[in-house]
Amino acid sequence: MPQPCQQLPVEDPQRFGAPGVHARQRAWVEVDEKAIENNARALGRWLAPESSLMAVVKADGYGHGAAPVARAAMAGGATSLGVATLQEGIELRQSGLKAPVLVMGNLIHPDELRSCLEWELMPTISGMREALLCQNLASGSGRSMALHLKLDTGMARLGVDWSDGVRLLQALHGLEATHLAGIYSHLADADSPDPGGGGLTAVQQQRFESVLRGAVELGLPTGVRHLANSAGTLRCRQLHYDLVRVGLALYGQSPAEHLSHAVSLQPAMSVRARVCLIREVPAGVGVSYGHRYRTRRPTRLAVVTIGYADGVPRLLSNQQEVLFAGRRLAQVGAITMDQLLIDATEAPQLEVGSVVTLLGDDGDERISPQDWAQATGTIPWEILCGFKHRLPRLHLGEAERDR
Ligand SMILES: *Cc1c(COP(=O)(O)O)cnc(C)c1O
């Protein structure tokens with residue numbers, strides 16, 4: 001029979017307190033802002049001389065917190081910010097950020113575009129319809145509205161087809177209340193190895209170039225030219241143009257193994273959670289829903305207070321480890337909504353209130369979003385964006401990081 005529950009002791013801040021973490025806190029996301037600043041600086045050194053860094057902070061800064069990430073990236077040399085939605089752009093302005101902000105999603109309603117004008121956010125234009133809405137809004141306001149034109153060069157998502165690019169540039173040139181602050185496209189396959197160099201990225205770049213040449217021939221201004229995401233940025237400098245739009249790499253993750261050597265990146269996110277209960281069980285005990293794990297020996301089972309409602313994918317059940325005191329402990333049984341279980345038999349010093357690391361470093365060990373992505377058939381982007389607001393974001397300054 002399982003032994004009776006161990007009680008959570010009266011709060012002991014020394015024993016329970018990772019700095020900045022209240023003893024009541026069950027689980028949290030730690031964000032190392034210095035890592036983000038350092039990544040921005042390292043990326044800046046890697047960029048072609050004429051190119052500058054846009055920090056992509058959509059989806060709440062890939063789960064790290066948009067405004068603090070934006071500040072850290074700008075401290076490291078980023079000069080502009082990219083978001084996906086209007087609301088994300090407004091929130092950056094409301095938090096006091098003054099840098100140029102590009103909204104990369106397609107805004108369609110006049111009210112959305114009016115908000116762009118009011119908050120000084122640059123919308124992405126994929127066609128004449130939205131361009132004319134901007135012209136009408138801006139001419140009524142007496143202000144000029146800055147736009148970026150998006151070309152579709154092979155992603156088949158947003159943007160005007162590249163073969164219509166020059167024609168649209170001409171039409172935009174005639175709208176006197178707007179001005180073109182930039183022209184860009186998005187790479188669909190920049191993270192795939194392409195030893196021959198004739199793959200989709202090359203095709204997209206040729207199409208992009210052909211529109212740029214057409215603009216030069218007709219004397220049409222384009223504003224800043226940009227094409228590269230993280231993968232394009234790490235892949236080759238010919239893709240850098242005047243600006244690169246970097247998300248994943250800014251957060252310290254490489255888009256692909258073969259691209260991980262160009263720039264040395266520091267992961268900015270760690271996910272940690274507390275042990276809330278420990279029980280000793282004999283061999284042969286079924287663990288968690290469906291008894292998908294059965295103990296093979298007398299086992300010290302520990303309950304960790306994080307689950308799939310916090311963003312730990314249930315698909316990781318029985319195939320993940322957590323870190324404690326520099327060693328790996330197996331996660332066992334189905335991951336549940338609010339808790340998961342680990343086998344702590346080999347870690348007698350683990351106790352109620354101990355903190356384990358789900359993602360991040362502990363001693364010489366590291367568990368990365370790539371590890372989770374590989375095990376669940378997804379990509380690190382989705383892992384980072386998957387942590388829910390139930391997990392508070394703990395932003396580490398210098399002192400806490402060096403503990
Ligand atoms: C999200 C996004 C990026 C950043 O992509 P990463 O791969 O995370 O660097 C760049 N450009 C556009 C248009 C995006 O939507």
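Note that ligands are numbered from 1 as they come in the structure, with each ligand's atoms numbered from 1 the same way. Small disclaimer: the values here were computed from a predicted structure and weren't measured.
Using a 4.0 Å cut-off to heavy atoms of Gly247, the atoms of ligand 1 that qualify are 4 (C), 6 (P), 8 (O), 9 (O).
Taking distance alone, with nitrogen or oxygen atoms compared against 3.5 Å, Arg245 approaches ligand 1 more closely than that limit. Where the criterion is an N or O separation shorter than 3.5 Å, residue side chain and backbone included, Leu248 meets it with respect to ligand 1.
Distances from atom 4 (C) of ligand 1 to the heavy atoms of Trp381, Tyr184, Tyr62 show the closest one on Tyr62.
When hydrogens are left out, the protein atom nearest atom 9 (O) of ligand 1 is Ser230 OG, 2.5 Å; that is the closest non-hydrogen contact. Nearest protein heavy-atom neighbour of atom 1 (C) of ligand 1: Lys58 NZ, 1.4 Å.
Cation-pi geometry between Arg237 and Trp46 is met: the NZ or CZ atom falls under 6.0 Å from the ring centre, inside 45° of the normal.
Centroid-to-centroid, the aromatic rings of His64 and His395 stay 6.0 Å apart or farther.
Using a 4.5 Å heavy-atom threshold, the side chains of Tyr62 and Met269 count as separate. Within the 4.5 Å cutoff, no side-chain heavy atoms of His186 are placed close to those of Leu158.
With a 6.0 Å radius and a threshold of 12 heavy atoms from other residues, nucleotides or ligands, Arg143 has its CZ atom above the threshold.
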